[in-house]
Amino acid sequence: MATETAKATKTVMVGLATCGISAGGEKVFEAFQEELQNGTNFVLRETGCVGMCYREVLVNISNGDGKSYLYGEVTPERVKRIVEEHIKGDQPIEEWLVSGEGKEVGFFDNQVRIVLRNCGVIDPGSIDEYIETGGYEALRKVLSGMTDQDVIKEVLESGLRGRGGGGFPTGKKWELTNKQPGKKKYIICNADEGDPGAFMDRSILEGDPHSVLEGMIIAGYAIGADEAYIYCRAEYPKAVARLRLAISQAKRKGFLGEKILGTEFSFNIKVKEGAGAFVCGEETALIASIEGHRGMPRIRPPFPAQSGLWGKPTNINNVETYANVPWIITNGGKAYAAYGTDNSKGTKVFAMAGKVRRTGLVEVPMGISIHDIIFNVCGGIHNDREFKAVQMGGPSGGCIPASLSDTQIDYQQINKTGAIMGSGGMVVMDETTCMVDVAKFFLTFTQAESCGKCTFCRIGTKRMLEILERITEGKGTFEDLETLEKLSEQVKIASLCGLGQTAPNPVLSTIRYFREEYEAHIRDKKCPAHVCASLVTYYIDDEKCNGCTLCARACPTDAIKGEKKELHVIDQDLCIKCGKCFTVCNQFAVVKD
Amino acid sequence: MINITINDKQITADPNKTILQICHENKLDEIPTLCYDEKLEPFGACFLCVVEVEGMPRLLPSCATKPWDGMKIQTRSPKVVDARKTCLELIVSNHYADCFGACRLNCPADVDIQGYLSLTYLGKYHDAVQLIKEKNPFPSVCGRVCTRKCELACRRKLIDDAVGIDYLKRFTADKDMMEDMWTPEPKPRNGHKVAIVGGGPAGLTAAYYLVLEGYEPTVFEALPELGGMLRYGIPEYRLPKAILDKEIKWITDLGVEVKTNTRLGVDITLEQLEKEYESVFVGLGAQLAKSMGVSNEHVQNVLGGVDFLREVAMGTDTGVKGRVVVVGGGNTAIDAARTSLRLGADEVILLYRRTRKEMPANELEIVAAEEEGINFKFLAAPSNIISSGGKLKSIECIEMELGEPDASGRRRPVPKKGSEFTLDCDFVISAIGQEADLKGIENGDSEDEEVELSKWHTIIAAEGSFNTNRPGVFAGGDVVTGPADAIDAIAAGRMAAYAIQRYIETGHYERLRPIFASRKDNLKEFTVEDMCEAPTSQRSTMPEMSPQDRVKTFQEVELGFTEEQVQFEACRCMECGCDASLACKLQDYCGEYNVDQTKYRGEFKRFKEDKRHPYITLEPNKCINCGRCVRTCADILDVAALGFVNRGFKTIVKPAMEKALAETNCISCGNCVDVCPTGAIVNKLPYGRSGPWVMEKVTNVCNFCSVGCNVEINAKAADLFYVTGSSNSEPNHGELCVKGRYGYQQLIGGGRIRRPLIRKGGELVPATWDEVWKRYEEGLKDLRVEYGGGKMMVTASPKLTDEELYLAGKMARTTLETNSIGSFQRLVSGADYHALDGILGTTSSTCGSKEVEAADMLLFVNCDPFKENPVLGFKLKRMIKRGGKQAIVINSSDIGLSRHATLWLDPRRGTSTTLLNGIIAQVIREGGADADFIAQRTEDFETFKASVGTTDIDEAASVTGVRPEKIEECARLLSRKGLKVVAFYNLESRRDRAPSDLRALASLMLTTGRIGTDGNGLVVLTEHANSRGMDMVGFDQLLLPGGEGINPKSVGKLSAVWNDDLDCLKNGNVGSLQRDFESGDIKGAIILGENPAIDPELAALVEKLEFLVVADMFMTETTKLADIVLPLNSYVEDEGTVTNWEGRRQRISPVGKPLSGMTNLEIVTRMMQLSDGGVRGANYTHEHLAKELSEFLPESNGTPDTAANFKLRFPTASGKARFEIYPVQVKATEVAYPKVLVLEERTDAKLQQLFGVR
């Protein structure tokens, strides 16, 4: 239906994933709706996130002749002109386009989009569009003749590894669960994406929910499960809504429920909303949470594959892993394995955040270097500052310094640096980032999110954090640093679950690569990046100050004295180092030291 | 089995066990753990149990890790030890708690002050003294002369004044000394000889602790008498020699050899001692007065302070009179000044170079000196002695001013130039310090190295182990430290004694490891803001002689507290130390791993104690999140009153929804208290003080229901104890319910009858045992004369032991010639204790816990085990919820188990017989009847089938209100062949009882062949602890010992055993107790532990009795009517056996001696003797009875095989079970729901009801 109309008229697709909505996408959508009501002839649809979050709100206009134009930073005000000139007048507005006619092509050129194949392309609320792009073909293929072992073999051949962070070979996991005795088995989709700065799963669920469902159904067939849960954080209301809609659509079409596509295979999926505990991303805690208990990890073994949900064999994968599955079945494991390195196959989605020019979602083939992602895909560092490090793997990961930016995206290569692949969060840092502060940031997060069960994680990370706080306040000692390193090692080796075992990684990797920064905080009581408030002094450059009084008016503690058009001076005793003066001064006269 | 290596030792191990279990079972290593509990699933919270496994980068929690073949494990590698230490340091960095009070921590001798103060408060002076003497053998002495570092540290000072600890010690020790002085039993002598040089506090203390351990110390003392500075340095008015003598004699009497007038270096040498003894302890003290360092100080009448005091003590005339100047500011100066005054000096001036504030003397001493009129001259120091003709004329002094602080922190006195002045005087006493007299050591003629000395002229001895540079020579006290306090010397003496023992045993120098103590101060300085709210109360004042009187005499100034003062003062102690400090695993491990609480100091949690629960105190600050309470409450008890709250560092265990524990669904079973490895959950003790004390553990059996739980009575004394469930044996494996754990609280405190009472002039008055027995004899005689024999009735509570009940029955049936025996409890309960006699030949359980555990299906009729027999209920609920057992509940109410049951049938109250009949009929229709069984093992089934077996299902449904489908479903479930079923019925439960329901239940079980067959059975529960025992010993009108019915054969057998013609049984006098009673035929009664008069109808009958003897623990409606009231002992004080529902006979042991002087058994024995003029009343002991009872009862303490008694034949005359036709009630009974009370009321009401207390 959509394609028919597209031939005749133009199609406007507004990016309405969470990133688009927060940039004002709904207002833009309403503006187009208004134009529709005014009688303009075009088709208006919503779509997911194409990955260019830095240019939201994105609007794609297909002319119906195969040509499509992507507008960035669309506001409701701009809609009128787009409608007038492009839709009615067939004249695309060149200066607003982000792609299409030779603009920012680099962003997509270096990507390989398997998981994100439909994101930002189709309407996630429409199962028909999913089907039109080849959706549920993989399921048909599986149910029309493949055995469970065939499916597992295909997945094994693809070399797909769990994209949630652990990197355990997916096919192997399915095989293990498949082999467990017992009739009742479960599939769980871990959609409890909790790493700060990571939003891969959200985008997939919002942009292409059916691909995840299809992957889960195929997994269920492969391991012999008939029931599944998607454990999704309640903070992703849009994702939850799209999933629920997708499930009901899939049921109506016979892809879910009893006797799927007329076979003997039955499969049902329920959505369970998590209450926002980071630790529930840990599979045993996640299972406890679904069972209605406090989300607390338990000791493994037994592994969920042996005894998971309600004590039954359970296969848990994350969203991205499942989303890969239909493509692998359709195109074959070999095709997937064609991408990547020896031990890391296929593609990986990364959420780019921090000081990089193009923030957003990218999907790259394994084996690409970190440098290529940052500079070729994402356009380099914001404001052309110096690239310092990239934090990979969220709070469980570590910092890879610029000196190692040739490191390939490959599970083993990244582990060697002290970071981990993780679920795909990449926070890019430049010279203005304090690495002690970064370590403190991540540890603050893990400490608050610890389930509180085991001693080293509950108290150990707290003490580590306190030491980091002391260091950033200029109260740290070299003994503290020694204690910090020792404690980090002990927390690593003597915590119950992945959260505690990896919580010291940001600390250890920053000490490993940026020890001199720690020492500067301790020895010189200085923060080289001028980030740690207690160690920063603000003063006014008497040559640059023109006495505009802006800083004095901004100062919350009246620490800045000075008459109009005369030199201003900061009273260091009163200064609380909030940095407002630094921000407001347009003469660059406020200096941080 | 697989092969693994643990600490380089190869063993074979079960791969299904964890490494921790394997290590513990094979005694390879006591791996420490705080969160592991063998009754719970491994949890992995504390991570203290980590071990290193070869090839694994991470340390693994041994509590949860199972081994694999070839695994190589290290349980004590440096990495492991390091991680454990860090783990503990992290835990205690967030453990804002005090193990001990500041008093104890500040006491050099580490005396358990809180412990002895609480014992003192409770009047347990003997115990208090024993506790003090664990660390300090001189409590009476120290109670007078101690410098009271404890009081300096007392937290109470922050709100008002320190607790008068020392005065309390003095009172306690004096009292003990006057009465029956506590004396330990030294270990047998071991032949190791130790020489102790110096008979002062250090030497005597060392001798005391050595002699206790069996060593043979000899004390060498230079002076004529022992005591050292205590005798020769402290004046009589502060420490009477009589007191000192007593404490010294008490020590030497234990076997310490003493050689006085023997001076080292003169009479003996160190070398000699080294040769003759295995070890030498040098505790010479510091006895030499330091010189003032001014010219002329050696003239006549210039005396050294200690020399002066010593001479006075030895009775030498010092000639002190006139004007005396004492120089110095310490205790010796004050002592010298006050002594001078008492010797008749006209004026005493005390010269001190700083101000009063800096005076090192004890404040109380200074005040006493001021009161007595000593003149203090501050900021003045002697500069010269002016004499004429070798005789003192005056002392020249110079004024001082205070300059910069010196090393001691006090401001240094600086002479003021030109401020010299002169004081004319007759005597100068220089008391500016002492030092050791080391001539005896220095003059050694040995070729060996000399004993190493410090530049301060003291012996150098290692800290803590007290060894000097000479092998085997130890030194302690003032001779090492320089002049210090008596308590320091005592502390040194005890620690040195330990080091000497270790040296003799091992040849190594070892120190007594200090106990780890968590301190709030380690995390944050303790201030008044940190105090809990306590009402202020003034410290009690020590009564003393008036200053006018005391200066004339050397009599003791301080007169000592009165007992009321002691009570008040001891109660001022705020018990800062932890209730769990004697049983805290965290504390133990922290000591073992040498933990530093300050290592990871940072933020810590601070919560208020939660004391709102009637029995349990929560102290969240001490919680270490091990989760054992949470898991026990949820997984074992299925209550889940506690849970984890919050995340991260803020995670804490507490009741959900911010409720008080008492407001949750907590059932007050207190099992959380037992599992808590620290003091985060503790029992609230009912004594007003919580100790903690080291308790003696006595195993007993709970007396509150028929489950027969083993309990541990933790007792300090017969009236100071509490109950825990820590024994891990059948039937309860340490689990208890509220009754078992806290029911004891009803037994202590007021209200107990402790002496016999006798009615005189209409009033019950205390009497001696002799008077009581005389009256008893007369009373019986009068009745006999008036009415002839057999007019007495004997009733007893089913709480009493098998032995007591047996003997009471024997007394009744032989000497009193009556068969009117039984229990009023049973009369009142209205239950038919013989309901099944006709069907099964007995009305008791036909199987035991073995069958219950093996059953597939549990069937509950008229019972609520979760409430009535809770510990059994916990177990059954677990079996149903997690153990895969099915359950059918037939009860009008939603009992604790019905939610988890497969089927819950809820008939209208009183109609369950009809329901059961309906089920039976349906079972028969379904073909569920076991034809073979019925044919072979039962009688009269056809008649039964024709009557009950035709019950219409729809009619049953309409009568009971249970849907017909449910009845059908139930019948279908029970008709399944091979299904093992155990049915439960509570004989004494009234809530859901229906006439004939037990008979209907038994008939149902018989119809399906489930009584007397493998794995099936009927469990008959009761509420009272020894109901089963009562039947088994034949304390029932219809039963004889062994539980046999009355028939010529059984009577004949008994008659032979008892050697009595048992006329009372032959005369057909076998009726109902109630009928006997109501007929007026009974003229007198002996009532043991029962309160029939609580029932108005029975009260009227009791009142009519002409002679009434009642034995009970409390005054009741019945005791008030008695002619004689005898004090009964509770189960805690009792001895014997009790028999639980399944026939398990368990032994109980008493705590302490009976309160009244007679045991229950002795009381019954005595009565028996007197009721027969001593003819047949032998003097029964427990041994006698055990032997006699073995004729009738199974062995005690074994697991009974109850089911075996029904396997081949039923205990009926024919050996077959007989189907009966029983009456059926078809109308619902109007029963009011029991009032739902709040927890405390409910528990107490329950307990009161059980005890018959009002």
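Residue numbering restarts at 1 for every chain, and letters A, B, ... go by the order of the sequence lines.
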Exercise for review: Give me the contact list for residues 626-644 of chain B versus chain A, heavy atoms only, anything under 4.5 Å, ordered by residue number.
Suggested key: Phe644(B)
Revision key, fill the gap. Max heavy-atom pairs within cutoff under 4.5 Å with chain A, candidates Asn94(B), Val50(B), Thr86(B), goes to Thr86(B)
Point to revise | Inter-residue atom distance Phe649(B).CZ - Leu465(A).CG, 0.5 Å rounding | key: 10.5 Å
Review point. If every non-hydrogen atom of Gly44(B) is compared with every non-hydrogen atom of Cys454(A), which pair is closest and at what distance?
Key: O-CB, 4.0 Å
Check your understanding: For Pro57(B), is it the side chain, the backbone, both or neither that has a heavy atom under 4.5 Å from a heavy atom of chain A?
Key -> backbone
Check your understanding: Under 6.0 Å from the NZ atom of Lys605(B), do we count more than 12 heavy atoms belonging to anything else shown?
Key -> yes
Review point. Do Leu90(B) and Leu487(A) come close enough that some side-chain heavy atom pair is under 4.5 Å?
Key: yes
**Study point:** Selection from Cys457(A), Pro297(A), Ser495(A) maximising heavy-atom pairs under 4.5 Å formed with chain B
**Key:** Ser495(A)
Review point. What heavy-atom pair brings Ile299(A) and Ala64(B) nearest, and what distance separates the two atoms?
Key: CD1-CB, 3.0 Å
Review point. More than 12 non-hydrogen atoms from neighbouring residues, nucleotides or ligands closer than 6.0 Å to NZ on Lys524(B), yes or no?
Key: yes
Review point. Asp82(B) versus chain A, heavy atoms under 4.5 Å apart: side chain, backbone, both or neither?
Key: both
**Study point:** Proximity breakdown for Leu60(B) and chain A, heavy-atom pairs closer than 4.5 Å
**Key:** neither
Check your understanding: Non-hydrogen atoms of chain B under 4.5 Å away: do they reach the side chain of Gln501(A), the backbone, both or neither?
Key -> side chain
Review point. Counting only heavy atoms not in Glu25(B), do more than 12 sit closer than 6.0 Å to its CD atom?
Key: yes
Practice item. Please indicate whether Lys525(A) has more than 12 foreign heavy atoms, meaning atoms of other residues, nucleotides or ligands, lying under 6.0 Å from its NZ. Key: yes
Revision key, fill the gap. CD of Glu603(B) to CD of Glu466(A), rounded to nearest 0.5 Å, is 6.0 Å
Practice item. Any chance you could measure Arg463(A), atom CZ, to Lys599(B), atom NZ, to the nearest 0.5 Å? Key: 12.5 Å
Point to revise | Glu482(A) CD: over 12 foreign heavy atoms closer than 6.0 Å | key: no
Point to revise | Over 12 foreign heavy atoms within 6.0 Å of CD, Glu41(B) | key: no
Practice item. Kindly compute the distance separating CZ (Arg647(B)) from SG (Cys451(A)), expressed to the nearest 0.5 Å. Key: 6.5 Å
Check your understanding: So which part of Val645(B) gets closer than 4.5 Å to some heavy atom of chain A, the side chain, the backbone, both or neither?
Key -> backbone
Review point. More than 12 foreign heavy atoms under 6.0 Å from NZ of Lys172(A): is that the case here?
Key: no
Point to revise | Between Ala277(A), Gly452(A), Pro301(A), the one whose heavy-atom pairs under 4.5 Å with chain B are most numerous | key: Gly452(A)
Exercise for review: Step through the shown structure and confirm whether more than 12 heavy atoms of other residues, nucleotides or ligands are within 6.0 Å of NZ on Lys184(A).
Suggested key: yes
Check your understanding: Which ring-ring contact (aromatic ring centres under 6.0 Å, His included) pairs, counting each pair once, include a residue from residues 43-99 of chain B, with sequence neighbours left out?
Key -> Tyr96(B)-Phe604(B)
Revision key, fill the gap. Interatomic distance, CZ@Arg458(A) vs CD1@Ile652(B), rounded to 0.5 Å, equals 10.0 Å
Point to revise | Inter-chain contacts: residues 879-887 of chain B against chain A, heavy atoms under 4.5 Å | key: none
Exercise for review: Find the distance between CD1 (Ile493(A)) and CE (Met56(B)) and round it off to the nearest 0.5 Å.
Suggested key: 11.5 Å
Exercise for review: Can you tell which part of Thr65(B) gets under 4.5 Å to a heavy atom of chain A, answering side chain, backbone, both or neither?
Suggested key: neither
**Study point:** Residue part contacting chain B, namely of Lys486(A), when any heavy atom lies under 4.5 Å
**Key:** side chain
Check your understanding: Do you know which of Leu48(B), Ile624(B), Ile91(B) makes side chain to side chain contact (heavy atoms under 4.5 Å, CB included) with Thr455(A)?
Key -> Ile91(B)
Check your understanding: Do you know which two heavy atoms are closest between Ala83(B) and Phe456(A), and how far apart they sit?
Key -> O-CZ, 3.3 Å
Practice item. Could you list the residues that satisfy ring-ring contact (aromatic ring centres under 6.0 Å, His included) with Phe874(B), not counting sequence neighbours? Key: Phe866(B)
